[in-house]
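Since the structure comes first, as structure tokens, the remarks are kept for the end.
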Amino acid sequence: QTDAAINQGNSGGPLVNLDGEVVGVATMRTHGEGVSLAIAADDAREVVNQLLSRGYVFRPYLGILLGELDSKIVKELRRHNSRFPNVEKGLVVQVVPGEPAHRSGIRDGDVIVEVGGSPVGSVRELLANLPRKPNMSVDVKLLRDGTTHVVAVTPADQHQRIQRRSRGWD
């Protein structure tokens, strides 16, 4: 998000700081006044590098549906199930059978509290801590039935997964 003016025709252009360094790529103006959106230069560079080397961008896929937890939601869930983990934040999981999370041992109702050594309380935080390259695993710390578990998950390549499904291979 930036307060730089991005007008029609400016998207795709560089966003520079006062030192003339490229810090982002302009994408769009929001409907609110004085607020525009940009992609960080490091993110854009990573996308370009992947497109040049692989022909597409690797998007990690775990095969889970997530619900973000906060103290109010946890309180309500604990009212119905006293064994539900008493956490300040985390992600409650529903697992897609046969996908990477399921194969690693993650179960429906598990609460993910850490990915790659970093605490997570939002889908954005989880995604930020997933590997950016194929065939790399990440440790996921979760709570289940009053105990803490750490499982190694190797995300699937979303692009290849879609290609296989479109050809009827999955």
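None of the values given here were measured: they were computed from a predicted structure. Excluded from the calculations below are hydrogen atoms, water molecules and symmetry mates; all remaining heavy atoms, backbone and side chain alike, are included.
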*How about Val113 and Val120: do any of their side-chain heavy atoms sit closer than 4.5 Å?*
no

*asked:* Would you say that Leu130 contacts Leu62 through its side chain, given a criterion of any heavy-atom pair below 4.5 Å between the two side chains?
replied: yes

*Just do the side chain to side chain contact (heavy atoms under 4.5 Å, CB included) check on Leu65 and Val95 with the steps written out, would you?*
CA-CA 6 Å; Leu65 304 172; Val95 181; over 6 Å; no

*Ser82 side-chain N/O to Arg78 backbone N/O, donor-acceptor pair under 3.5 Å*: no

*Under 4.5 Å between any side-chain heavy atoms of Thr147 and His149, yes or no?*
yes

*What are the two closest non-hydrogen atoms of Gly109 and Val92, and how far apart are they?*
O-CG2, 4.0 Å

_Any donor-acceptor pair under 3.5 Å from Gln50 side chain to Phe58 backbone_ = yes

*Please tell me if the side chains of Val111 and Leu91 come closer than 4.5 Å, counting only heavy atoms from C-beta onward.*
no

*Non-hydrogen atoms of Pro60 and Pro131 that approach each other most closely*: CG-O, 3.7 Å

*Rounded distance [0.5 Å steps], NZ in Lys141 versus CD in Glu114*: 4.5 Å

*Taking Glu46 for the side chain and Asp42 for the main chain, is one N or O donor matched with an acceptor at less than 3.5 Å?*
no

*Crowded around Glu88 CD? As in, over 12 foreign heavy atoms under 6.0 Å?*
no

*Of all pairs that satisfy ring-ring contact (aromatic ring centres under 6.0 Å, His included), the ones with a partner from residues 66-91, not counting sequence neighbours*: none

*Under a 4.5 Å cut-off applied to non-hydrogen side-chain atoms, are Tyr61 and Glu99 in contact?*
yes

_Could you go through Leu15 and Val25, starting from their C-alpha distance and side-chain angles, then the distance that decides it, and tell me whether this counts as side chain to side chain contact (heavy atoms under 4.5 Å, CB included)?_
CA-CA 5 Å; Leu15 182 66; Val25 178; over 6 Å; no

_Thr154 versus Ser137, closest heavy-atom pair with distance_ = OG1-CB, 3.3 Å

*Closest non-hydrogen atom pair, Ala101 against Ile64*: CB-CG2, 3.3 Å

_Could you tell me if the side chain of Glu68 sits less than 4.5 Å from the side chain of Val123, heavy atoms only?_
yes

*Determine whether the side chains of His102 and Ser104 contain a donor N or O and an acceptor N or O closer than 3.5 Å.*
no

*Mind listing the closest non-hydrogen atom pair of Val138 and Asn129 along with its distance?*
CG2-O, 3.7 Å

*Please examine the side chains of Val151 and Asp139, heavy atoms only from C-beta on, and report whether any two atoms are closer than 4.5 Å.*
no

*Tracing side-chain links under 4.5 Å among I, L, V, M, F, W and Y, which residues wind up in one group with Val57?*
Val47, Leu51

_Same apolar cluster: Ile112 and Val153, side chain cutoff 4.5 Å_ = yes

*Same cluster (ILVMFWY, side-chain, under 4.5 Å), Leu66 and Ile73*: no

_If hydrophobic clusters are built from ILVMFWY residues whose side chains come within less than 4.5 Å, do Leu127 and Leu142 share one?_
yes

*When you look at CG of Asn81, are more than 12 heavy atoms from neighbouring residues, nucleotides or ligands closer to it than 6.0 Å?*
yes

*According to a 4.5 Å side-chain heavy-atom criterion applied to Ile, Leu, Val, Met, Phe, Trp and Tyr, with indirect links allowed, do Val115 and Val93 form part of one hydrophobic cluster?*
yes

*asked:* Between Asp70 and Lys89, does any side-chain N to carboxylate O distance fall below 4.0 Å?
replied: no

*Any donor-acceptor pair under 3.5 Å from Arg103 side chain to Gly98 backbone*: yes

*Is Val22 close to Asn17 at the side-chain level, that is, under 4.5 Å between some pair of heavy atoms?*
no

*Should Arg107 and Asp110 count as an ion pair when the cut-off is N to O under 4.0 Å?*
no

